[in-house]
Amino acid sequence: MFEKVKPPAEGEKIEYREGKLIVPSNPVIPYFEGDGIGIDVVPAAIRVIDSAVEKIGKEIVWFKVYAGEEAYKIYCNYLPADTLNAIKYYRVALKGPLTTPVGGGYRSLNVTIRQVLDLYANVRPVYHLKGVPSPVKNPEKVNFVIFRESTEDVYAGIEWPRGSKEALKLIEILKRDFGVKIREDSGIGIKPISEFATKRLIRMAIRYAIENERKSVTLVHKGNIMKFTEGAFRDWGYEVAKQEFTDFCITEDELNKDFGGKQPEGKIVVKDRIADNMFQQIITRSEEYDVIALPNLNGDYLSDAAASLVGGLGIAPGSNIGDGIAVFEPIHGSAPKYAGQNKVNPTAEILTGALMLEFLGWKEASEKIKKSIEMTIEQGVVTYDLHRQIGGKLVGTREFANAVIENLNTL
Ligand code: NAP
């Protein structure tokens with residue numbers, strides 16, 4: 001099954017039956033460090049995750065696989081089949097960041113992983129940890145879970161360079177058959193947004209809201225301008241809410257007309273906002289937003305902006321979820337200038353691990369991790385990124401993880 005890696009002898013496989021994950025107490029979880037600061041943050045996160053998991057009497061059996069530069073040295077391939085097969089087979093994986101060349105070079109490995117494994121929802125919780133510096137006055141009001149569609153939109157990478165035969169042909173067809181004029185020296189990108197992909201994303205977001213007793217689901221779009229892609233995203237979203245979750249959801253219009261603006265117990269309000277407005281809404285009226293669903297490109301922008309409200313990229317965890325398969329990764333990239341310096345903040349990767357534990361149903365271990373990170377930061381033990389904002393005791397990546405583990409041991 002694998003060409004150049006050997007799965008661990010111990011540990012059991014996570015299964016998926018009737019729409020549910022069956023998690024053993026010692027699951028095999030493939031992981032890779034990826035590029036740049038991956039070699040700093042992933043080992044630090046794994047040590048913290050192992051300590052938390054041990055506290056609840058479980059064990060993760062890690063299976064090292066390869067992606068990025070490290071994989072290229074072994075396979076002459078940045079994303080070998082071994083790695084994709086391991087994730088497919090074992091169902092849940094942890095990853096570090098991967099570098100993507102801008103302009104030319106190879107395609108984004110992150111986008112490829114999401115597409116090949118059909119990890120259609122990029123799920124990013126954004127919440128504030130006590131003690132973390134924030135540019136807003138009340139960061140504790142920020143508590144969103146962002147569901148970003150991740151297989152479609154202009155982000156799917158369907159594009160051709162200026163002057164290529166594909167671009168010129170499309171320009172010609174658009175002119176000849178549709179009367180649309182495009183400058184000949186244009187690069188061309190395509191923005192597909194389908195009913196199928198939109199509905200399954202919004203279905204997952206609403207289910208999450210129900211299961212986690214969230215108050216609202218906001219559909220974010222730029223449908224005033226891009227009516228048949230972004231606008232359709234909104235319309236299909238309302239359709240899912242109305243047709244599949246009638247007992248659980250009301251729209252914002254119904255809230256105002258039928259309930260005098262007072263949210264009835266047990267109902268989730270489904271509303272929509274235009275994307276540009278939403279960027280200011282999450283800053284000025286944070287408490288009004290909860291679960292947020294968006295198409296791919298705006299989802300990418302909004303989740304980085306949202307992360308900045310609660311401490312920035314060094315803090316923000318993320319995940320890529322499909323049906324019965326999930327890959328966990330921080331929002332930040334490979335920050336190559338800091339690679340291997342034992343300098344950057346491992347919090348995002350550690351919290352990504354906490355998110356993974358929650359997904360496995362090990363909420364207690366996940367909460368312990370969050371609590372011990374808060375304790376560490378409140379004790380003033382911080383990496384350079386937080387140190388430049390709040391001072392305190394400056395430590396490296398490894399030492400920060402050690403301090404988190406020490407705090408874990410007191411819980
Ligand atoms: P980046 O790697 O996220 O780094 C941008 C800046 O964010 C860093 O210079 C640093 O800020 C701060 N930062 C990021 N991670 C941090 C951490 N753990 N601790 C503290 N500060 C942290 O973004 P980028 O420079 O735009 O991208 C670099 C490469 O990563 C690109 O090839 C990009 O395509 C790739 N990327 C990959 C992923 C992924 O694998 N999912 C995601 C995004 C980007 P200061 O310089 O201010 O200290």
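Numbers for residues simply follow the sequence, beginning at 1. Source: prediction; values computed, not measured.
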For residues Tyr384 and Tyr338, establish whether the separation of their ring centroids is below 6.0 Å.
yes
Please check this pair: side chain of Glu149 against backbone of Pro295, looking for a donor-acceptor N/O pair closer than 3.5 Å.
no
Residue pair Arg114 / Thr151: nearest heavy atoms and the distance that separates them
O-CG2, 4.5 Å
CG (Leu297) and CG (Asp300) are apart, to the nearest 0.5 Å, by 7.0 Å
Could you check whether any side-chain N or O of Lys4 sits under 3.5 Å from a backbone N or O of Ile74, counting only pairs where one atom can act as donor and the other as acceptor?
yes
Looking at Arg183, I want to see if its CZ is surrounded by more than 12 non-hydrogen atoms of other residues, nucleotides or ligands under 6.0 Å.
no
Of Asp253, Ile250, Ile202, Leu219, the one forming a side-chain contact (heavy atoms from CB on, under 4.5 Å) with Val270 is Leu219
Do NZ/NE/NH1/NH2 and the carboxylate oxygens of Lys130 and Glu378 come within less than 4.0 Å?
no
So which of Phe2, Phe32, Tyr31 actually passes ring pair (Phe, Tyr, Trp, His ring centres under 6.0 Å) with Phe63?
Phe2
Heavy-atom pair with the smallest gap, counting every atom of Ala316 and Ala307:
CB-CB, 3.7 Å
Taking the six-membered ring of Phe144, is the NZ or CZ of Arg214 close enough (under 6.0 Å from the centre) and on axis enough (within 45°)?
no
Any non-hydrogen side-chain atom of Glu152 less than 4.5 Å from a side-chain atom of Ser194?
yes
Determine yes or no for a side-chain-to-main-chain donor-acceptor pair under 3.5 angstrom, with Thr347 supplying the side chain and Ile315 the backbone.
no
Close side-chain approach of Lys242 to Cys249, heavy-atom, < 4.5 Å
no
Would Tyr66 and Asp82 satisfy side-chain hydrogen bond (donor to acceptor under 3.5 Å, both in side chains), going step by step from the backbone distance to the final call?
CA-CA 8 Å; Tyr66 301 87; Asp82 271 0; over 6 Å; no
Checking the side chain of Ser286 only, and the main-chain atoms of Ile282 only, is there a donor and an acceptor separated by less than 3.5 Å?
yes
Determine yes or no for a side-chain-to-main-chain donor-acceptor pair under 3.5 angstrom, with Asn212 supplying the side chain and Tyr208 the backbone.
yes
Between the CG atom in Asn296 and the CD1 atom in Ile193, the distance rounded to the nearest 0.5 Å is 8.5 Å
Value rounded to 0.5 Å, distance of CD in Glu254 from NZ in Lys271
14.5 Å
Scan the side chains in residues 86-97 for donor-acceptor partners under 3.5 Å anywhere in the protein, sequence neighbours excluded, and list what turns up.
| unit_1 | atom_1 | unit_2 | atom_2 | d |
| --- | --- | --- | --- | --- |
| Arg91 | NH1 | Gly324 | O | 2.8 |
| Lys95 | NZ | Asn110 | OD1 | 2.6 |
| Lys95 | NZ | Glu329 | OE1 | 2.4 |

We want to know whether Ser216 and Asp290 form a side-chain donor-acceptor pair, criterion being a heavy-atom distance below 3.5 angstrom.
no
Do Leu386 and Asn345 have side-chain heavy atoms sitting under 4.5 Å apart?
yes
Just so I know, are the side chains of Val220 and Thr218 near enough to count as touching, which here means a heavy-atom distance under 4.5 Å?
yes
So, taking the atom named CG in Leu294 and the one named CD in Glu230, what distance separates them when rounded to the nearest 0.5 Å?
8.5 Å
If you count heavy atoms of other groups shown closer than 6.0 angstrom to NZ of Lys64, is the number above 12?
yes
Is Ser134 reaching over with its side chain to a backbone N or O of Val136, donor-acceptor style, under 3.5 angstrom?
yes
Verify the distance criterion only: is there a donor paired with an acceptor across the side chains of Tyr120 and Asp323 at less than 3.5 Å?
yes
Side chain proximity check, Val123 to Val145, heavy atoms < 4.5 angstrom:
yes
If you look at every heavy atom in Lys191 and Met226, which pair is closest and at what distance?
CE-SD, 3.6 Å
Could you check whether any side-chain N or O of Thr112 sits under 3.5 Å from a backbone N or O of Ser108, counting only pairs where one atom can act as donor and the other as acceptor?
yes
Check the side chains of Glu287 and Asn138 for a donor-acceptor pair under 3.5 angstrom, ignoring hydrogens and angles.
no
Taking the six-membered ring for Trp, is the centroid-to-centroid distance between Tyr72 and Tyr78 below 6.0 Å?
yes
Specify the closest pair of heavy atoms between Thr99 and Ser334, including all atoms of both residues, with the distance to one decimal.
OG1-OG, 2.7 Å
Rounded to the nearest 0.5 Å, what's the gap from CD1 on Ile350 to CD1 on Ile49? Could you check?
8.0 Å
Enumerate donor-acceptor pairs with a distance under 3.5 Å from any side-chain N or O in residues 231-240 to protein atoms, sequence neighbours excluded.
| unit_1 | atom_1 | unit_2 | atom_2 | d |
| --- | --- | --- | --- | --- |
| Tyr238 | OH | Asp272 | N | 3.1 |
| Tyr238 | OH | Asp272 | OD1 | 2.6 |
| Glu239 | OE1 | Lys199 | NZ | 2.9 |

Report, one line per pair, each donor and acceptor closer than 3.5 Å where one atom sits in a side chain of residues 255-267; sequence neighbours left out.
| unit_1 | atom_1 | unit_2 | atom_2 | d |
| --- | --- | --- | --- | --- |
| Asn256 | ND2 | Glu252 | O | 3.3 |
| Gln263 | NE2 | Lys215 | O | 2.8 |
| Gln263 | NE2 | Lys267 | O | 2.8 |
| Lys267 | NZ | Asp247 | O | 3.0 |

Taking the side chain from Glu349 and the backbone from Pro346, do they hold a donor-acceptor pair closer than 3.5 Å?
no
Heavy-atom side-chain proximity of Phe245 to Ile210 below 4.5 angstrom
yes
Which heavy atom of His128 sits nearest a heavy atom of Pro139, and at what distance?
CB-O, 3.4 Å
Residues, nucleotides or ligands: over 12 heavy atoms within 6.0 Å of Tyr16 OH
yes
Taking the ring of Tyr301 and the ring of Phe279, is the distance between their centroids below 6.0 Å?
no
Asn122 backbone acceptor or donor facing Ser319 side chain under 3.5 Å:
no
Would you mind reporting whether Arg273 and Tyr289 have side-chain heavy atoms less than 4.5 Å apart?
yes
Should Glu288 and Arg285 count as an ion pair when the cut-off is N to O under 4.0 Å?
yes
When you measure from the side chain of Ser186 to the backbone of Ile182, do you find a donor-acceptor pair of N or O atoms at a distance under 3.5 Å?
no
Electrostatic pair Lys343-Asp40, nearest N-O below 4.0 angstrom
no
Would you check, one step at a time, whether the test side chain to side chain contact (heavy atoms under 4.5 Å, CB included) holds for Glu184 with Leu168?
CA-CA 7 Å; Glu184 290 240 325; Leu168 291 173; 4.3 Å; yes
Quick one, Val41 and Pro330 - any side-chain contact, counting heavy atoms below 4.5 Å?
no
Exercise: identify the closest heavy-atom pair between Trp362 and Ser25
CH2-O, 4.1 Å
Is Glu374 salt-bridged to Lys370, cutoff N-O under 4.0 Å?
no
Is it the case that more than 12 heavy atoms not belonging to Gln280 sit under 6.0 Å from its CD atom?
yes
